Amino acid sequence: MRSIIAFILIVLPQLILAQEWEDQQLFNADAPAQPLRIISSTDTSLFAPIIADFVAQNADISVEYLVTGTADIDQIFRANPEAFDLVISSAMDLQLKLANDGLAQRLPDVTHPSWAQWRQSLFAFTSEPAAIVINRQAFAGQAIPRTRQELIEAMRAAPETFRGRVGTYDIRQSGLGYLFATQDARASETYWRLMEVLGALDVRLYCCSGDMIDDLASGDIVVAYNVLGSYATARVESRDRLEIVLPSDFPTTMMRTAMVSIEAPQPSPATAFIRHLIALQSRTDTDVFQLPPLNTQSNDIERATIALEPALMTFLDTLKRRRFLAEWENAVIQK
Amino acid sequence: MTHSLPVSGSLRNRLVVILIGGAAILAFLLFFAVRNYATQVAQQGQDNILGASVASILDAATIRDGEVEIDIPYASFSMLSTPFDDRVFYAIYQDDTFLSGYPELAVADRADRFQTVTFRGEAVRMITAERILIGIDQRTRIRVALAQTQDALSGTLEQISRNAAILGGGFFALAALLSYWATSTTIGQLQRLTDSVTKRGPQDLSPFKKPVPAEMAPLVTSLNSLMGRLDQSLSQSEDFIAEAAHRVRTPLATVRSYAEATLQRVDKKENRQAMRSMVRAIDESSRAAGQLLDHAMITFRADHLEREEIDLVDLVHDLVLRLTPIAEMKDLELRLQSDAPVAYAGDPILIQNAVRNLIDNALKYAPNESAVDIVVTAAPNVQIKVCDSGPGFPSEEVDTLTTRFKRGRNAEGTIGSGLGLTIAIDVAKAHGGDLVLSNRKEGGACAALLLSS
C-alpha cells in the first residue's frame, strides 16, 4: 500500500508536467525518499559522475536529473518553481534574472567568493570559455586562425570551402548562445562582421553545443563558433581531428551557475548538493568533476569572465532583445 | 573627640552624576545625529545612482520608423551593482502602455521623485523619470520606473551605526574620565584645606595664608576670622587666669605669714593643729596659683618657641640642687644619673619647668625615706626620666593619662598633679616630643619627657 502511494507521489508530478526532456535519469532509485529534482542544461554524461558521487555520500537521497535547453529551463521553471529543487544552467543572464525575480532561495550559510555568487542565492561552479572549434582537415596546409579576425579572413579567402559548413548557436533558441552573442557584441564590432560573413556562408544554426560538436566530428561542418570548450574537450580526447581555439583577441568566459528553487520541496538536500558542487569543483585529486573549475588565477583580465551582476538583465529587456535579434537576423539570415 | 556631623548628599557625587549624565545624554545625541546624517548621505548616494541610471535609460530612447526603441546601455544596470547584490526592478511605459520590464511595478504619477515602496515583499527605493520624444508627426511620453532593494543601504547603515556607537561610547568614556578628573581636582581643593586644618597643632590658631580658589575664599576668610576671634578669646581667658592667679598669690603670701605668726603664739594643741592645716591649705593654693601662672607662661613661650643650646644634665643638676632641701624635709633622696653632658637646643625655662613639675609630682607620691631617680639620656632619644617608688599610676589610666589632661579638661581631678602633667606635656609637644607615663615593675611611677631635636 505504502509503495503504491510512493509510486503515485513520484509519478504524479511527472504526469502533471508532461514534458519532453532531452534526457532524464534517476540516480539511487532505491532511496526511500522523494527524489531531488534537478533541472539542468548540462549533458548527463558530464554531470552523472558528480551526482553519483553525491548519492554515494548521501545514500538516503535519490536524484532525478532532467536535461533541457537553457531557454526552456527558464520557461519551465518559471511556470512551476515548486516542481524543482535545483536549477543548473549555463545561461548566466537567465539565471540571474530568476534570482532577481526572487525565485532562488538565499543560502546565507554557503561560503563562496563574492565574485562567484550573487545574493547568496546564485552560485557559480565552473569557468567555461566560448571556443571556436575547427576541423583540422579544412585548414590543411594553412595556419589555424587564432582570432576572430583571422577566422573572418580565412573564410573570406576560401568561401567555397566553408559555404554551408560553418555553424553557430541559434540565439533565438539558445539562452547560452544569446548570452555569448550579446557579450561578444558588447566587446567588439568584430562580432557583427563575423556574423555577416557567417550569414553570407549560409551558416547552420544549432540549439545546443552537443549537436554542433556531433556535426563537427562527423565532418558535416568544419567550423563552429562560440561552442562550449568543455563539451569539445570531452570529444577531443577521443578524436584528434578537432582543434579548440580560445580566441585571443577577446575571450568570453561563462560561469555555470546553480540555485535552489524558492519553493523547493526539499531545500536541505538541495543546499547540500550546492555545497557538494562547490567543494567538488575545487578538488584536484579526483576526476569526478569533468567540467573546468572556477578560475581562481588572477589572469582574469586576459580571460575575462562575464560578471554576475544585474547588468546581465540588460539584454533580456524586451525592447533590447527585440532590437538585438533583429540586428542578428539581419546579419545572419540573409535572404 | 570627633563629632559625626549630619551629612546631606555629596558634592562629588552630585558633580559626577551631573557631568556623567550630561555626557551620556550628549553621547546619545551624537550617536543619533551621526546615524541620522549618515542615513541621509547613504540614501542620497543610492538616489544619485538610481537617478543617473534612469537618466541613461531615458537617454537611450529613440523613435525609429514611428516606433519607440530603447537600447538600454549595459552600464545602466551595471552601475547598480552593490556589495550586497541588491535586486533591480524596472518598468518602461510609453504614455500609458507598458513596454518592457516588470509590469507590476507601477510608475508614480509625478516624475523625478524618489519613493520607498514595497515590491515583491521587499522594501525598494524607486525613482520615476520621464521624457518626451518628438517624432516627425508624433509626440510621445516615455516613463521609466527604476527600483532597487536596500540591502546595501541597510548594510552600510548597520556599519555606520556600529561606528557611531563606538564614537558615542568613546566620547562618553572620555567625558566620564574627564568629569572624574575634574571632580577630583575640585574636591581636592576642599580636601587640601581639610588636611591643613586637621594637621594643625591644638595651639595653632593663625590664619590660613596659602592661596585658595576664588570660590573657597569666602569660606577660608570666615574660617580665618572665626579662628582670630577664638585666638583672641583664648588669650584673653589665659591672661585673665594669669592675672587672677597673680592677684591671689600676693594676698595668700600675706595670709600665710599671718598664719605662721599666729601659730607661734597659739599654745592649745587643737588650735595649733588647725593653724597648721590652714598653712598647708594656703601652701597648696599658692602652689596651684603658681602653676596656673607657669602654665600661662608656658603657653606663651611654647607659641613663640626660642631654642638655645643647653646642657640638659647641667640644667637638671641645678634643679636637683634647688629641690634637695624640699626633698630632705620628707627624708627623700634625689638621685641624678647621667654619664656625659647631653647637648640639646631648646627653651631652658620651659624644660626646667616641666622637669620641676615631674619631680614635684614624684616627691608628692614617693613614700618617706625612699629615693627619686632622675635619668638623663641622649640615646636613643633625648629624654629626662623621673621615677619614684610610690603607688604608681592607676593601671587602667596609664595609657590615657597623657591625653586626658587637655586644655579645658584640667578642672577635673586634683588640680595640682593635673596641671603639672599638663605643663610637662605642653613643653614636650612644643619641642616636638611627648610625655610617656609608665609603671615600674618593682613599684612606683615613671614619667619620661621625650624631646626631639
Side-chain angles (χ1 to χ4, degrees), chain A residues 78 81 92-93 95-108 110 112-124 179 181-188 257 259 262-263 304 306-328 330, chain B residues 46 49-50 53-54 56-58 60-65 67-94 97-105 118-124 133 142 144-152 155:
Chain A
R78 274 180 191 278
M92 294 168 73
D93 47 356
Q95 291 279 85
L96 189 114
K97 191 148 195 308
L98 286 177
N100 188 66
D101 292 358
L103 290 165
Q105 273 189 30
R106 300 193 79 165
L107 312 172
V110 176
H112 207 37
S114 61
W115 58 267
Q117 55 94 357
W118 194 75
R119 223 179 142 71
Q120 285 296 130
S121 52
L122 191 60
F123 299 90
L179 175 68
T182 52
Q183 295 293 330
D184 278 359
R186 267 186 70 217
S188 168
T257 53
M259 60 181 230
I262 188 77
E263 291 174 58
I306 302 166
L308 273 176
E309 55 173 2
L312 282 173
M313 298 195 300
T314 312
F315 282 97
L316 297 180
D317 177 68
T318 322
L319 299 176
K320 182 106 177 167
R321 184 176 160 89
R322 195 164 67 202
R323 188 188 150 106
F324 188 85
L325 287 180
E327 260 184 80
W328 182 83
N330 200 26
Chain B
Q46 189 186 25
I49 295 173
L50 277 172
S53 177
V54 86
S56 70
I57 294 173
L58 275 179
T62 50
I63 295 182
R64 188 182 285 181
D65 303 333
E67 207 174 319
V68 171
E69 277 192 0
I70 300 180
D71 188 11
I72 302 176
Y74 207 71
S76 301
F77 292 154
S78 195
M79 71 174 84
L80 294 174
S81 285
T82 64
F84 285 77
D85 295 331
D86 276 301
R87 296 160 73 182
V88 175
F89 308 104
Y90 70 101
I92 303 174
Y93 288 82
Q94 178 184 8
T97 319
F98 172 76
L99 283 187
S100 76
Y102 291 75
E104 319 95 283
L105 190 70
T118 305
F119 185 73
R120 297 197 173 186
E122 261 195 271
V124 293
L133 286 182
I142 302 295
V144 175
L146 183 65
Q148 188 182 27
T149 53
Q150 300 197 292
D151 294 357

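Residue numbers start from 1 in every chain, and the chains themselves are labelled A, B, ... in the order their sequence lines are given, proteins ahead of strands. Note that the structure is a prediction, hence the values are computed from the model and not measured.
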Under 4.5 Å from a heavy atom of chain A, the part of [X] involved:
{"X": "B:T149", "answer": "side chain"}
{"X": "B:E67", "answer": "side chain"}
{"X": "B:P73", "answer": "backbone"}

>> I'd like to check the side-chain contact (heavy atoms from CB on, under 4.5 Å) partners of B:I49; sequence neighbours left out, ordered by chain and number.
In response: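 In terms of side-chain contact (heavy atoms from CB on, under 4.5 Å), with neighbours along the sequence ignored, B:I49 is linked to B:M79, B:L80.
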>> Test of understanding: with side-chain contact (heavy atoms from CB on, under 4.5 Å), list the residues that count as partners of A:S188, not counting sequence neighbours.
In response: A:T190, A:F250
> Which atom pair, heavy atoms only, marks the closest approach of A:Q183 to B:Y74?
Replying inline: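 Between these two residues, the closest heavy atoms are NE2-OH, 2.8 Å.
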> Looking only at heavy atoms, which two atoms of A:A99 and B:R87 are closest? And how far apart?
Replying inline: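 Smallest interatomic distance, heavy atoms only, reads O-NE, 4.2 Å.
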> Residue by residue, which of residues 317-324 of chain A have a heavy atom closer than 4.5 Å to a heavy atom belonging to chain B?
Replying inline: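 Under the 4.5 Å heavy-atom cut-off, A:D317, A:T318, A:L319, A:K320, A:R322, A:R323 qualify.
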> Do any N or O atoms from the side chain of A:N100 and from the backbone of B:V88 form a donor-acceptor pair under 3.5 angstrom?
Replying inline: yes
>> Quick test of your reading of the model: are A:R119 and B:E122 salt-bridged, counting only N-O distances below 4.0 Å?
In response: yes
> Between B:D85, B:T82, B:I70, which residue shows the highest count of heavy-atom pairs closer than 4.5 Å to chain A?
Replying inline: B:D85
> Any idea which of B:V68, B:D86, B:L99 has the most non-hydrogen atom pairs under 4.5 angstrom with chain A?
Replying inline: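 Most pairs with chain A among the choices: B:D86.
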>> Using a 4.5 angstrom heavy-atom cutoff, name the option from A:D101, A:L316, A:L312 with the most pairs to chain B.
In response: A:D101
> From A:K97 NZ over to B:Y102 OH, what is the distance, rounded to the nearest 0.5 angstrom?
Replying inline: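 With rounding to 0.5 Å, NZ (A:K97) is 3.5 Å from OH (B:Y102).
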>> List the residues meeting salt bridge (Lys or Arg N to Asp or Glu O under 4.0 Å) with A:R186, not counting sequence neighbours, and say none if there are none.
In response: none
